[in-house]
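See structure below.
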Number of protein chains: 2
Amino acid sequence: METPRTPATLADVAERAGVSRQTVSNAINNPDLLRPDTLSRVRAVIAELGYTPNQAARQLRTRSSRLIGLRLGPAQEFTANMAMDRFVRSLVEAAGQVGHQVLLFSGGPVAEGERPDPLAGYDDLVRSTAVDAFVVTDTYLGNPQTIGLTRRGAPFVAFGRPWDDPHAAHPWVDVDGAAGVRAATEHVHRRGHRRIAWIGWPPGSPIGDDRRAGWHRAMSEHGLSTAGLEAAVEDTVDAGRSAAAALLDDTGGGSGGGSGGGSGEGAPTAFVCASDTLAVGVLAELDARGLAVGGSAADGMGVVGFDDSQVAQVLGLTSVRQPLEQVAVALVEALTALLGSTTVEPSGVLLTPTLAVRRT
Amino acid sequence: METPRTPATLADVAERAGVSRQTVSNAINNPDLLRPDTLSRVRAVIAELGYTPNQAARQLRTRSSRLIGLRLGPAQEFTANMAMDRFVRSLVEAAGQVGHQVLLFSGGPVAEGERPDPLAGYDDLVRSTAVDAFVVTDTYLGNPQTIGLTRRGAPFVAFGRPWDDPHAAHPWVDVDGAAGVRAATEHVHRRGHRRIAWIGWPPGSPIGDDRRAGWHRAMSEHGLSTAGLEAAVEDTVDAGRSAAAALLDDTGGGSGGGSGGGSGEGAPTAFVCASDTLAVGVLAELDARGLAVGGSAADGMGVVGFDDSQVAQVLGLTSVRQPLEQVAVALVEALTALLGSTTVEPSGVLLTPTLAVRRT
DNA sequence: CTGAAAGCGCTAACAT
DNA sequence: ATGTTAGCGCTTTCAG
């Protein structure tokens with residue numbers, strides 16, 4: 001209706017409603033304290049005036065901004081980007097549910113040829129009491145910058161396990177990559193594949209090793225050999241393609257029509273990959289060789305990627321999908337627990353991905 | 001070093017430096033007013049104590065939060081998602097450069113089967129003075145929710161042209177889709193293609209129409225006919241594929257080896273698409289027909305997408321790339337101008353996309 | 001150039 | 001159940 005130059009204040013509402021400022025404050029924060037009729041009267045005026053508590057004043061008084069800080073690092077690799085988008089959306093939504101908002105900040109421009117300071121940007125926010133807590137997403141850097149944060153008295157919860165310290169004293173939420181890859185392996189196994197290859201990353205990265213373990217475990221459980229079925233390459237399409245080619249050639253066969261996937265020796269008939277990027281490489285190689293893809297083992301090769309990226313969705317690539325919505329909810333839960341009570345037992349939550357089954 | 005329970009305040013610094021609070025404040029906000037030696041002494045203490053002004057107090061006093069609100073709507077279509085990620089990153093970075101941060105908020109959960117309220121979420125932020133301004137990204141909805149914002153006295157700048165009102169009284173930044181598509185068309189033309197098809201969306205969407213215009217103009221300028229070279233379909237891979245098939249079949253030819261792209265009648269030898277999604281469909285159809293892709297017109301078909309999505313990058317698809325980094329910078333510039341001066345002449349900025357040239 | 005006073009809008013404690 | 005008082009930490013007058 002009206003367009004007041006300056007937003008209504010508590011005092012405005014109080015005067016108009018014929019009560020004191022405190023009563024209005026209570027109407028908002030402790031409605032139970034008011035008599036029903038007073039409450040409704042105050043509420044009417046609040047609505048009429050379009051009053052919303054001044055955020056700064058409230059924050060100054062309560063020392064709570066209802067803001068969650070999330071640092072956006074420099075652009076990550078392909079797949080991480082997409083995941084990040086979905087994650088951020090989910091986090092904003094989940095935080096919104098409990099009355100929080102998400103404050104994005106950047107780690108600052110990384111100086112030429114310099115290692116980015118993993119803590120840059122956090123400090124100011126902590127000291128200026130601009131945010132109540134942080135969601136830290138780059139623990140996978142292996143860098144427990146977490147240490148820096150705890151010492152700084154900044155509440156935070158991590159998306160990602162503290163790989164190097166299983167007993168870390170902070171809450172975290174992570175996705176069970178091994179379980180995801182295992183499900184992927186089971187999937188192609190159910191379709192009749194027995195020679196199931198793994199195309200992963202070079203050993204040493206916790207996430208990569210974890211995912212590989214899922215494949216290895218699944219194979220073992222089915223009594224399948226993994227010999228000659230493994231490649232460790234960097235995360236590019238070309239590398240994935242080369243790896244697939246090498247695996248297909250290695251044990252002979254595979255150049256013609258794919259001899260029908262026996263359970264013994266021989267070229268792989270299915271590929272489980274550590275990323276969609278690698279899987280795209282595999283698809284390219286199979287396509288170049290004229291090998292059919294999808295269906296049961298008799299119909300064509302099996303290919304599964306990881307992250308359910310845009311690429312997977314467009315190409316019809318079956319892929320492991322991280323439950324980022326659940327991750328966000330769990331993070332927010334942990335955060336509210338953290339902010340609510342003084343005694344916080346550090347808890348870890350491990351969520352299981354799903355498999356987005358498509359053509360391949 | 002130390003870990004004070006509570007962050008240092010202005011008073012702490014003042015006492016330790018042997019000056020008044022005001023002097024410390026000046027040291028931060030008006031360094032010129034201090035004598036050099038006083039300044040350096042105060043600065044030393046500030047550094048020593050790790051002092052950072054309390055954000056809430058400052059905001060309460062100055063009525064400026066140095067926060068820019070950005071609403072994250074519900075997940076968009078494929079390509080928008082990817083673009084959003086890159087855009088948000090760029091915006092955070094650009095805003096950071098001028099000392100602002102980005103506050104994400106959600107439009108609220110859209111009730112089942114209900115049209116999302118395009119203004120939901122903005123109101124509270126405005127009235128609670130939580131943000132200084134907004135960046136509005138969904139003007140392409142054709143919905144000038146902008147109106148609502150202006151009336152509300154909320155400064156904002158739009159990413160996206162006010163299509164339905166060329167003289168809108170707010171600053172905006174947009175990407176010249178027509179120019180991008182034109183560049184794409186020129187690109188395949190330079191490679192020797194003459195029968196260049198356009199696969200776009202059904203008429204009626206400003207963005208789609210604009211992009212199509214770029215193709216049409218480029219064709220006209222080269223004196224090329226566009227007859228029988230156009231398809232308007234929904235934005236899916238399958239639709240793109242069908243459209244390509246239809247165009248290839250329509251004027252005969254094309255099933256064998258592609259007869260070498262004359263300039264007269266005949267099937268298209270190149271496809272410029274309104275989206276990467278459609279282009280992927282084209283690639284699939286060409287692949288199925290055994291038609292080569294890339295190189296000069298003599299070598300293979302030309303295909304260009306739009307948005308330089310992850311998919312394009314992975315598939316080696318040439319694509320029009322929106323300069324989102326520049327968009328972010330321009331938005332922030334417009335915003336600071338808006339916030340700085342009282343007299344703001346509404347300005348529009350139209351940026352030209354680049355062409356990410358790849359295999360196709 | 002530096003200091004003292006006032007108050008932004010709100011809520012936690014205490015009155016009533 | 002409602003009103004009063006005080007003060008969060010900062011910056012904008014205004015005096016010295």
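First the proteins, then the strands, lettered A, B, ... as listed; each starts at 1.
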Can you find a side chain N or O atom of [X] that sits less than 4.0 Å from OP1 or OP2 on [N]?
X	N	answer
A/Thr23	D/dT2	no
A/Thr38	D/dT2	yes
B/Asn29	D/dT11	yes
A/Ser20	D/dT2	no
A/Ser25	C/dT11	yes
B/Arg63	C/dC8	no
B/Arg35	C/dT2	yes

Any side-chain heavy atom of A/Leu67 within less than 4.5 Å of one from B/Leu103?
yes
Separation of [N] [atom2] from [X] [atom1] (nearest whole Å):
X	N	atom1	atom2	result
A/Asp12	C/dG9	CG	P	9 Å
A/Gln59	C/dC10	CD	C1'	12 Å
A/Leu39	D/dA1	CG	C1'	12 Å
B/Leu10	D/dT12	CG	P	12 Å
B/Asn30	D/dT13	CG	C1'	13 Å
B/Leu60	C/dT11	CG	P	12 Å
A/Arg58	D/dG9	CZ	P	18 Å
A/Gln55	D/dC8	CD	C1'	14 Å

Can you find a donor-acceptor pair, distance only, under 3.5 Å between A/Gln22 side chain and C/dA12 base?
yes
Using only heavy-atom distances, decide whether a donor-acceptor pair under 3.5 angstrom links the side-chain of A/Arg61 to the base of D/dG7.
yes
Look at the aromatic rings of A/Phe105 and A/Tyr122 and report parallel, tilted or perpendicular, splitting at 30° and 60°.
perpendicular
Donor-acceptor under 3.5 Å (B/Arg66 side chain, B/Val98 main chain):
yes
Between A/Arg89 and A/Asp85, does any side-chain N to carboxylate O distance fall below 4.0 Å?
yes
Salt-bridge contact A/Asp123-A/Arg127 (side-chain N to carboxylate O under 4.0 Å):
yes
With DNA chain C as reference, determine whether B/Gly18 or A/Arg21 sits nearer its 5' end, using the nearest nucleotide of each.
B/Gly18
